Structures are given as C-alpha cells and as structure tokens.
Amino acid sequence: MKYIEKLPSFLQMILNISLFLVGLILSFLLLKETWSIFSYVFLYTEADKNYYEFTEELLVFFLYFEFIALIVKYFKTNFHFPLRYFIYIGITAVIRLIIVDHDDAKNTFWWSIAILVMVGSLLIANSKLIKREN
C-alpha cells in the first residue's frame, strides 16, 4: 500500500525530468534554428535566397519557442499546462502548413477555417469564466 501512495510522486518526478530534458533539446534546436536564420540573412547572397524556405524556418523557430515557453509555464504554474499555449502552438503550426503547402485552394480554405476555430477557442479560453491562472 505504501508503494501505491508514492507512485504519483514518482511518476510526477519522471515527467518533470523528461520535460526538463525535452526543454534542453528544444533549446539547443532553437539556437541551431537561430543560427540558420542569421546565416540566411547575413551570409547568403541574393541568388541563394529562397523566401519560402526562410519563412518556413522562421515559423519552425516560433514553434520551438512556443514549446519552450509551454514547458517553462508548466513548471511556473505548479505542473499545469495552460490550454491557450496549446492553441497558440496549433495556430502557428497550421500557419506553417498553409505557407508550405498552399497549392490546393480548398485545403487552404479548410486550414483557414481551422485557424478561425482555434482563434475562437482562444477567445473562450481567455474569458474570465474559465481562466484559472493568476
């Protein structure tokens, strides 16, 4: 019976260590992406530049940034993931998808509707009725 009582604390410790390691890996990848963006801006010639790839790298940078912010918020809010951070990540991911794959107008329309739904969800999540964090 003692082991069952300690199990949630043990699992929470494993989760915290895992999230910390994921945060370190994401931080490394964020720095790598930052170097890629700076080298693209300052080292590439005009003939080598592809602005679609640059925009895609910039949005990947923001995805890394948002996941790191989510992990930081998790530790600051006493082991709780705020819903709105997941919505921010979802909006950024769908915007990246639209930029990368915008050949089919119907798919672009449906992805835009998905962004509209997520923005509506964000408005609901930020309302005072269900907002829990201080």
Side-chain angles (χ1 to χ4, degrees):
M1 197 60 150
K2 281 186 168 183
Y3 297 114
I4 292 176
E5 293 172 359
K6 293 183 180 185
L7 184 64
S9 298
F10 177 71
L11 292 175
Q12 184 70 49
M13 182 182 65
I14 290 175
L15 177 67
N16 291 344
I17 291 170
S18 299
L19 277 175
F20 179 75
L21 292 175
V22 168
L24 288 177
I25 292 168
L26 287 175
S27 297
F28 171 74
L29 293 172
L30 179 72
L31 291 174
K32 184 178 170 188
E33 199 67 38
T34 303
W35 171 252
S36 174
I37 289 170
F38 277 120
S39 66
Y40 182 85
V41 170
F42 295 115
L43 301 178
Y44 285 14
T45 63
E46 209 47 49
D48 295 335
K49 292 186 176 181
N50 183 345
Y51 293 107
Y52 285 114
E53 287 179 15
F54 175 73
T55 307
E56 184 179 348
E57 285 184 14
L58 193 61
L59 288 170
V60 168
F61 171 84
F62 283 112
L63 283 172
Y64 286 138
F65 187 80
E66 288 174 354
F67 275 113
I68 292 169
L70 178 69
I71 291 170
V72 168
K73 194 68 170 175
Y74 170 80
F75 286 111
K76 284 187 174 182
T77 58
N78 201 15
F79 314 122
H80 169 72
F81 284 116
L83 175 65
R84 59 191 171 94
Y85 280 81
F86 285 110
I87 297 171
Y88 295 146
I89 291 169
I91 290 170
T92 305
V94 173
I95 289 172
R96 178 187 175 275
L97 180 68
I98 288 173
I99 289 172
V100 171
D101 185 26
H102 59 274
D103 296 334
D104 187 15
K106 287 181 184 177
N107 286 341
T108 303
F109 172 75
W110 289 115
W111 288 122
S112 301
I113 296 297
I115 291 173
L116 183 63
V117 168
M118 284 188 276
V119 169
S121 302
L122 189 59
L123 289 172
I124 293 170
N126 283 335
S127 69
K128 293 186 189 277
L129 294 173
I130 61 173
K131 198 169 184 180
R132 286 182 17 177
E133 41 181 294
N134 293 328

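As the structure is a prediction and not an experimental result, all values here were calculated from the model.
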Fill in: Reported NZ-to-OG distance for the pair Lys32 and Ser27, which is rounded to 0.5 angstrom
14.5 Å
Fill in: Plane angle bin for Phe38 and Phe42 - parallel if under 30°, tilted between 30 and 60°, otherwise perpendicular
parallel
Worksheet item: With a 4.5 Å heavy-atom cut-off, do Trp111 and Asp101 have their side chains touching?
Response: no
Discussion item. Please determine whether the number of non-hydrogen atoms from other residues, nucleotides or ligands lying under 6.0 Å from atom CZ of Phe10 exceeds 12.
Written reply: no
Practice prompt. Output the distance between atom CE (Met118) and atom CD1 (Ile95), rounded to the nearest 0.5 Å.
Written response: 8.0 Å
Item to complete: Applying side chain to side chain contact (heavy atoms under 4.5 Å, CB included), run through Lys73 and Tyr85 and close with a yes or a no.
Response: CA-CA 9 Å; Lys73 194 68 170 175; Tyr85 280 81; 3.9 Å; yes
Worksheet item: Among the clusters formed by ILVMFWY side chains lying less than 4.5 Å apart, do Phe28 and Leu19 turn up in the same one?
Response: yes
Worksheet entry | Phe79 atom CZ, over 12 foreign heavy atoms within 6.0 Å | yes
Worksheet item: Taking atom CZ of Arg84 and atom CG of Leu70, what is their separation to the nearest 0.5 Å?
Response: 10.5 Å
Practice prompt. Flag yes if Phe61 and Val22 sit in one hydrophobic cluster, no otherwise; membership is Ile, Leu, Val, Met, Phe, Trp, Tyr, and two members link when side-chain heavy atoms are under 4.5 Å apart.
Written response: yes
Response to the item:
The reported gap from CG in Leu97 to CG in Asn107 (rounded to nearest 0.5 angstrom) is 8.5 Å
Practice prompt. Please check if the side chain of Tyr40 supplies one atom and the backbone of Asn50 the other of a donor-acceptor pair under 3.5 Å.
Written response: yes
Worksheet item: Out of curiosity, Ser121 OG to Ile115 CD1, how far, rounded to the nearest 0.5 Å?
Response: 12.5 Å
Worksheet item: Around atom CZ of Phe65, are there more than 12 heavy atoms of other residues, nucleotides or ligands at under 6.0 Å?
Response: no
Discussion item. Can you tell me which residue among Leu59, Leu26, Leu31, Thr34 is in a side-chain contact (heavy atoms from CB on, under 4.5 Å) with Tyr64?
Written reply: Leu26
Discussion item. Check this for me: Phe75, atom CZ, are more than 12 non-hydrogen atoms of other residues, nucleotides or ligands nearer than 6.0 Å?
Written reply: yes
Discussion item. Tell me the closest heavy-atom pair linking Ile68 and Gly23, and the distance in Å.
Written reply: CG1-O, 4.5 Å
Worksheet item: If you round to the nearest 0.5 Å, how far is CD1 of Ile17 from CD of Gln12?
Response: 11.0 Å
Discussion item. Using the rule that Ile, Leu, Val, Met, Phe, Trp and Tyr join whenever any side-chain heavy atoms are under 4.5 Å apart, tell me whether Val41 and Leu30 fall into a single cluster.
Written reply: yes
Worksheet item: Where is the tightest heavy-atom contact between Glu57 and Ile37, given as atom of each residue plus distance?
Response: O-CD1, 4.1 Å
Discussion item. Quick check: is Leu58 connected to Tyr44 through a chain of hydrophobic side chains (ILVMFWY, heavy atoms under 4.5 Å apart)?
Written reply: yes
Worksheet item: Is any side-chain heavy atom of Val119 closer than 4.5 Å to a side-chain heavy atom of Ile87?
Response: no
Worksheet item: Is the side chain of Thr92 donor-acceptor paired with the backbone N or O of Tyr88 at a distance under 3.5 Å, no angle test?
Response: yes
Practice prompt. Treating Ile, Leu, Val, Met, Phe, Trp and Tyr as nodes and any side-chain heavy-atom pair under 4.5 angstrom as an edge, say whether Ile25 and Tyr74 lie in one connected cluster.
Written response: yes
Discussion item. Any side-chain to backbone donor/acceptor pair from His102 onto Ile99? Under 3.5 Å, distance only.
Written reply: yes
